[in-house]
Every structure is written in C-alpha cells, then in structure tokens.
Amino acid sequence: MGLPAKNKGAILSKIATNDQHGENSEYFDGWKAYDKDPFHLSRNPHGIIQMGLAENQLCLDLIKDWVMENPEASICTLEGVHQFSDIANFQDYHGLKKFRQAIAHFMGKARGGKVTFDPERVVMSGGATGANETIMFCLADPGDVFLIPSPYYAAFDRDLRWRTGVEIIPVPCSSSNNFKLTVEAVDWAYKKAQESNKKVKGLILTNPSNPLGTMLDKDTLTNLVRFVTRKNIHLVVDEIYAATVFAGGDFVSVAEVVNDVDISEVNVDLIHIVYSLSKDMGLPGFRVGIVYSYNDSVVSCARKMSSFGLVSSQTQLMLASMLSDDRFVENFLMESSRRLGIRHKVFTTGLKKADISCLTSNAGLFAWMDLRHLLRDRNSFESEIELWHIIIDKVKLNVSPGSSFRCTEPGWFRVCFANMDDDTLHVALGRIQDFVSKNNNKIVEKASENDQVIQNNNAKKQNWRQSNLRLSFRRLYEDGLSSPGIMSPHSPLLRA
C-alpha cells in the first residue's frame with residue numbers, strides 16, 4: 001500500500017524530489033501522449049505517430065544481416081557458446097580490450113579516417129546520457145556553470161544537471177544567421193556569467209547539432225578551442241551524430257582540430273569527447289556510451305565512475321567483432337548516409353508541398369521545422385504551445401516545440417524522420433499537409449468573412465451616402481422653392 005502523498009517527500013532525498021529532471025517539459029509530455037495512443041498502420045491507424053524520438057532505423061537490416069552471417073559473435077549461438085563462461089564472468093570496468101580497440105577504430109572510420117583514437121583513452125558508460133553525466137561529475141562541482149549554445153538537446157537539463165548540481169547557461173543563437181554559433185556569442189555569455197559571480201567550468205557543444213542538424217565548420221571549431229584555452233575552461237563536444245552526415249561536406253571532429261592547431265594554442269587537457277552508437281549505428285538499446293578525454297586524470301576518474309554504468313560483456317563481445325569488420329563498417333556508413341539523404345529529401349519535399357520550410361541542414365535524424373506562420377501570435381511562446389497541443393491532439397503527431405530546446409524564438413519545432421518506415425512517413429506527411437490545408441482554408445474563409453463584412457459595411461456606407469444624397473436633393477428642392485438664390489428644378493434654364 002502506497003504512502004500518502006504528503007509523506008512521500010519526507011523519506012526521499014532532495015535529488016530524488018527536485019524538479020531538475022525536466023520530465024514535465026513538453027518534450028517528455030509528447031512521449032507520454034504517444035505511449036498512450038501509439039500509431040500502427042493496421043492496429044491503430046489513427047494513433048499518434050512518434051516524431052519526437054531521434055532514432056536511426058534506416059539501416060537495421062544491414063546489422064541483422066551481419067548478425068546472421070556471424071553467429072560466432074554471440075554467446076547465445078552454437079557457434080559462440082564456447083565463450084560463455086569467460087564473457088559471463090568478466091567484470092573489469094576497463095572493458096574488453098578488443099572492444100575498446102574496435103570502438104576506437106570505428107570512431108576514426110566514422111570521422112572519415114582523418115583522425116585516430118587511442119583505445120586506452122576510451123571509457124565506457126551507459127549510453128550518451130551516462131557519458132555526459134560522468135564527464136560533468138569529473139569536471140565540475142555543484143553550482144559550477146557550463147555554457148551551451150541554444151537551441152540545445154532538451155534532455156541536457158536532465159543529463160547534465162539533475163544529479164550533478166551543475167548549472168547551464170544558454171548561449172542564444174538566432175534565425176537571423178541560421179542559428180550559427182559564433183565565438184562572440186560565447187564570449188558574451190561567458191562575461192554575463194562572470195558578472196553574475198558564476199564559476200564557468202566549460203563549454204558544451206553538440207556537433208552535429210541536435211536539434212538543428214547543422215555542423216560546425218573547422219574555423220569556428222578552431223576558434224572555440226583557442227577560446228577555451230585562453231579562458232582555461234573545458235570543452236566537451238558531443239559527437240554522437242558524427243556519422244549521420246548526408247550532404248554538404250565532411251564532418252570535422254574536435255579531434256581533427258586538436259591535431260592541426262599549433263600546440264601553443266590548445267591545452268589538450270581541456271578537450272573531451274562524448275560518443276555513442278545510438279545514432280550512428282541505430283543501437284540505442286545497447287546502451288553504449290563513450291567518454292574520450294585527452295586528460296589522463298579525467299580518463300582515470302571517468303573509468304572509476306564507469307562502474308555505475310557499464311556496457312554488458314555480451315554486448316561488448318558482439319560489437320567488438322562487428323566494428324572490427326572493415327568491409328561491413330565502410331558499407332554501413334556509406335549506405336546509412338545515402339539512406340538518410342534520401343529520407344531527408346523525401347520528408348522536406350513533402351513539407352514544402354504544405355508550404356513549410358526547414359532550416360537548411362546536412363546531418364542528424366531530424367529537421368528544424370519553421371511553423372512561425374501558423375502561430376496565433378508570432379512573438380508568443382504561449383502560441384507555440386497552443387499549436388503544439390493541436391499537433392499532438394488533433395493532427396496526432398508527436399513533434400517537439402522549440403521552447404523545449406531553449407530556443408529564443410517561438411514557432412520552431414524539431415521533427416524526427418528516421419525512426420519509422422516509409423509507409424508511416426507518408427501517413428505523417430499526409431496529416432501535416434491536410435492540417436496546413438485546412439488551416440489555410442480557415443484563413444481564407446476568415447479572410448472571406450472579413451471581406452464580406454467589409455463589403456457589407458461598404459454597402460451600408462454606400463446606402464447611407466445615397467440615402468443622404470437623396471435627402472439632400474430633397475431638401476435642396478424644397479429649399480429651392482423658397483430661396484431666391486436657388487433655381488427651381490422647373491426653371492427653363494435647367495431644362496435647357
């Protein structure tokens with residue numbers, strides 16, 4: 001039997017009961033709505049379509065094929081069961097050596113082979129969520145501040161703040177320059193934090209960006225590395241979308257910048273990378289997160305902390321074999337990029353048919369959709385949430401409002417396109433097009449109503465003018481009969 005609500009807080013910790021998790025945001029509310037009414041093509045065709053979850057399901061067939069062709073990679077097959085005892089008993093929180101070697105090798109491949117990674121610097125964690133929290137525990141104390149360009153990943157408030165006590169200060173970016181991050185904006189936020197007596201410990205970037213789907217160019221990234229070195233603060237770069245690039249040039253990793261920048265301009269002890277296989281490989285359920293640091297002390301500290309969120313030995317074994325297969329990896333990365341590009345084009349083209357534009361992007365599993373023209377008030381976040389409720393409740397799509405990502409401008413929405421099959425995508429696009437069409441019709445009808453009102457008013461004014469004109473002529477005529485200065489309508493001069 002549960003405790004009365006008033007007594008629950010008395011036996012729970014402040015961490016357990018504080019509101020820093022962010023669960024009450026629209027980002028998570030959309031997931032809850034989907035869970036109550038999930039779409040299925042045949043079993044629930046009128047349900048909510050999940051477009052708020054950034055999963056990459058477009059190449060799972062390639063992974064399934066590899067698993068079937070390599071049964072020895074699993075301890076749950078006849079070909080691999082001989083490894084069962086060794087793997088089931090393995091407990092070293094360093095991880096399997098061949099797994100760390102394979103993941104380091106894959107990280108290089110995912111970055112176009114332009115950089116290499118040291119397996120001894122690879123630290124495991126339970127997904128990118130665990131990796132981000134681990135790096136915060138290593139670098140900051142409660143109350144310390146990290147700067148993050150906004151809009152930023154909605155769950156960062158949970159991942160970075162909830163249990164660590166770290167504070168986040170956004171670095172606002174705007175649509176005026178396509179949300180491009182500048183060193184000047186970071187410096188402004190840094191100074192504002194200092195003026196508020198905040199201790200800034202670092203800068204966190206997501207590259208490629210979630211939710212924007214854009215990449216930082218090498219010059220910007222280089223200047224940011226120089227900036228953190230000058231300020232002696234940390235730079236944590238979340239690169240979990242590194243291999244989701246589908247257009248517009250190559251991804252530039254901070255590791256590449258570290259290799260190329262003059263040693264006098266970079267303090268490598270301040271540079272750290274977060275990575276996972278959730279997005280690039282489409283394996284979020286495997287909970288593979290990585291902390292990669294150039295700082296020996298951080299590697300040591302993070303490795304001790306990793307005992308709270310290890311990757312299972314069975315998962316390590318299979319992935320070590322898969323990621324060491326160069327032929328498979330190269331084909332997978334190429335095919336994933338190709339399929340993401342096709343899906344992105346299909347989706348954004350479908351949106352254009354509904355007169356909806358998106359921020360130009362070249363990476364990620366989502367689009368940053370511009371619905372400002374559909375807001376009741378373009379300057380109101382209340383209008384954004386009103387529109388979001390309509391999309392969830394009426395259009396039956398779970399998309400995420402920009403305010404969940406700390407966007408400073410109402411009307412932007414993140415919408416994911418890689419977590420569903422083609423048929424579901426077309427249903428989703430059909431719903432969006434129908435909604436916008438009906439909305440436009442209402443606008444036209446409203447405009448017609450307004451035009452009709454104006455016409456009626458004009459007609460009334462015209463009738464009033466004609467009535468008063470007739471009345472004036474009547475008075476004129478009546479007055480003319482008695483006024484010497486006005487000619488009578490019967491005057492022969494008028495008849496002439």
Side-chain angles (χ1 to χ4, degrees), residues 20 22 54 123 125 127-173 179-183 185-190 192-194 198-212 214-216 220-242 252-255 257-258 266-276 278-279 289-295 298 302 364 404-407:
Q20 300 303 306
V123 180
S125 185
T129 294
N132 276 309
E133 186 183 60
T134 296
I135 198 70
M136 289 298 100
F137 273 126
C138 290
L139 303 181
D141 294 313
D144 289 346
V145 164
F146 269 81
L147 308 176
I148 308 182
S150 67
Y152 60 76
Y153 173 45
F156 266 164
D157 288 328
R158 174 200 65 193
D159 298 357
L160 305 175
R161 298 172 53 198
W162 183 34
R163 300 194 299 185
T164 66
V166 169
E167 295 184 23
I168 292 174
I169 292 183
V171 181
C173 301
F179 297 97
K180 181 178 173 61
L181 177 65
T182 64
V183 176
V186 175
D187 188 44
W188 177 86
Y190 177 82
K192 286 293 182 182
Q194 285 196 317
K198 298 291 186 181
K199 185 178 181 180
V200 179
K201 290 300 294 286
L203 170 67
I204 298 176
L205 306 173
T206 56
N207 185 35
S209 168
N210 176 11
L212 302 178
T214 56
M215 296 187 293
L216 289 171
T220 300
L221 198 51
T222 299
N223 288 330
L224 289 170
V225 166
R226 290 170 176 154
F227 175 85
V228 299
T229 297
R230 289 196 305 271
K231 302 299 183 183
N232 196 35
I233 61 176
H234 294 280
L235 176 61
V236 178
V237 187
D238 185 327
E239 295 186 349
I240 67 174
Y241 292 94
V252 178
S253 169
V254 71
V257 173
V258 167
V266 56
N267 180 355
V268 294
D269 281 343
L270 299 173
I271 311 299
H272 323 278
I273 297 172
V274 169
Y275 190 58
S276 84
S278 297
K279 313 304 180 181
I290 300 296
V291 172
Y292 188 92
S293 177
Y294 291 90
N295 186 314
V298 171
S404 296
F405 300 88
R406 301 297 185 266
C407 185

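Since we're looking at a predicted model, the values are computed, not measured.
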Can you give the donor-acceptor pairs under 3.5 Å from side chains of residues 134-147 to other protein atoms, not counting sequence neighbours?
residue: T134; atom: OG1; partner: G130; partner atom: O; Å: 2.8
residue: D144; atom: OD2; partner: D141; partner atom: N; Å: 2.8

Are any non-hydrogen side-chain atoms of [X] and [Y] less than 4.5 angstrom apart?
X: M215; Y: P208; result: yes
X: I290; Y: S125; result: no
X: K180; Y: L216; result: no

[X] and [Y]: which non-hydrogen atoms are nearest, and at how many Å?
X: S150; Y: F405; answer: CB-O, 4.3 Å
X: L205; Y: L181; answer: CD2-CD2, 3.7 Å
X: S404; Y: A154; answer: O-CB, 3.4 Å
X: F227; Y: V183; answer: CD1-CG1, 4.1 Å
X: V291; Y: A302; answer: CG1-CB, 4.4 Å
X: I204; Y: P149; answer: O-CD, 3.1 Å

Would you say CZ of R163 has more than 12 non-hydrogen atoms from neighbouring residues, nucleotides or ligands within 6.0 angstrom? no
Counting N and O atoms only, with roles assigned by atom type, does the side chain of N210 sit under 3.5 Å from a partner on the main chain of A54, one being a donor and the other an acceptor? no
When you measure from the side chain of N132 to the backbone of A128, do you find a donor-acceptor pair of N or O atoms at a distance under 3.5 Å? yes
ring-ring contact (aromatic ring centres under 6.0 Å, His included) with Y152: which residues, sequence neighbours excluded? none
Contacts of type ring-ring contact (aromatic ring centres under 6.0 Å, His included), residue Y292, not counting sequence neighbours: F117, Y294
Under the side chain to side chain donor-acceptor pair (under 3.5 Å) test, residues paired with [X] that sit two or more places apart:
X: Y153; answer: none
X: H272; answer: H234, S293
X: R230; answer: none
X: K199; answer: none

Given T222, T229, N223, the one that forms side chain to side chain donor-acceptor pair (under 3.5 Å) with R226: N223
Identify the residue among K201, K198, R161 that makes a side chain to side chain donor-acceptor pair (under 3.5 Å) with E167. K198
Derivation and outcome, side-chain contact (heavy atoms from CB on, under 4.5 Å), residues V268 and N295: CA-CA 7 Å; V268 294; N295 186 314; over 6 Å; no
Set of side chain to side chain contact (heavy atoms under 4.5 Å, CB included) partners for S278, sequence neighbours left out: S276, P284, R287
Name all residues meeting the side chain to side chain contact (heavy atoms under 4.5 Å, CB included) criterion together with T206; count only those two or more places apart in sequence or in a different chain, and write none if there are none. F156, S209, D238
Looking at V236, I148, V166, which one forms a side-chain contact (heavy atoms from CB on, under 4.5 Å) with L160? I148
Regarding E239 and S253, is there a side-chain donor-to-acceptor distance under 3.5 Å anywhere? yes
For R158, check salt bridge (Lys or Arg N to Asp or Glu O under 4.0 Å) against everything at least two apart and list the hits. none
Step by step, work out the side-chain contact (heavy atoms from CB on, under 4.5 Å) result for L224 and L203. CA-CA 9 Å; L224 289 170; L203 170 67; 4.1 Å; yes
Between V254 and V225, is the side-chain contact (heavy atoms from CB on, under 4.5 Å) condition met? List the steps. CA-CA 8 Å; V254 71; V225 166; 4.0 Å; yes
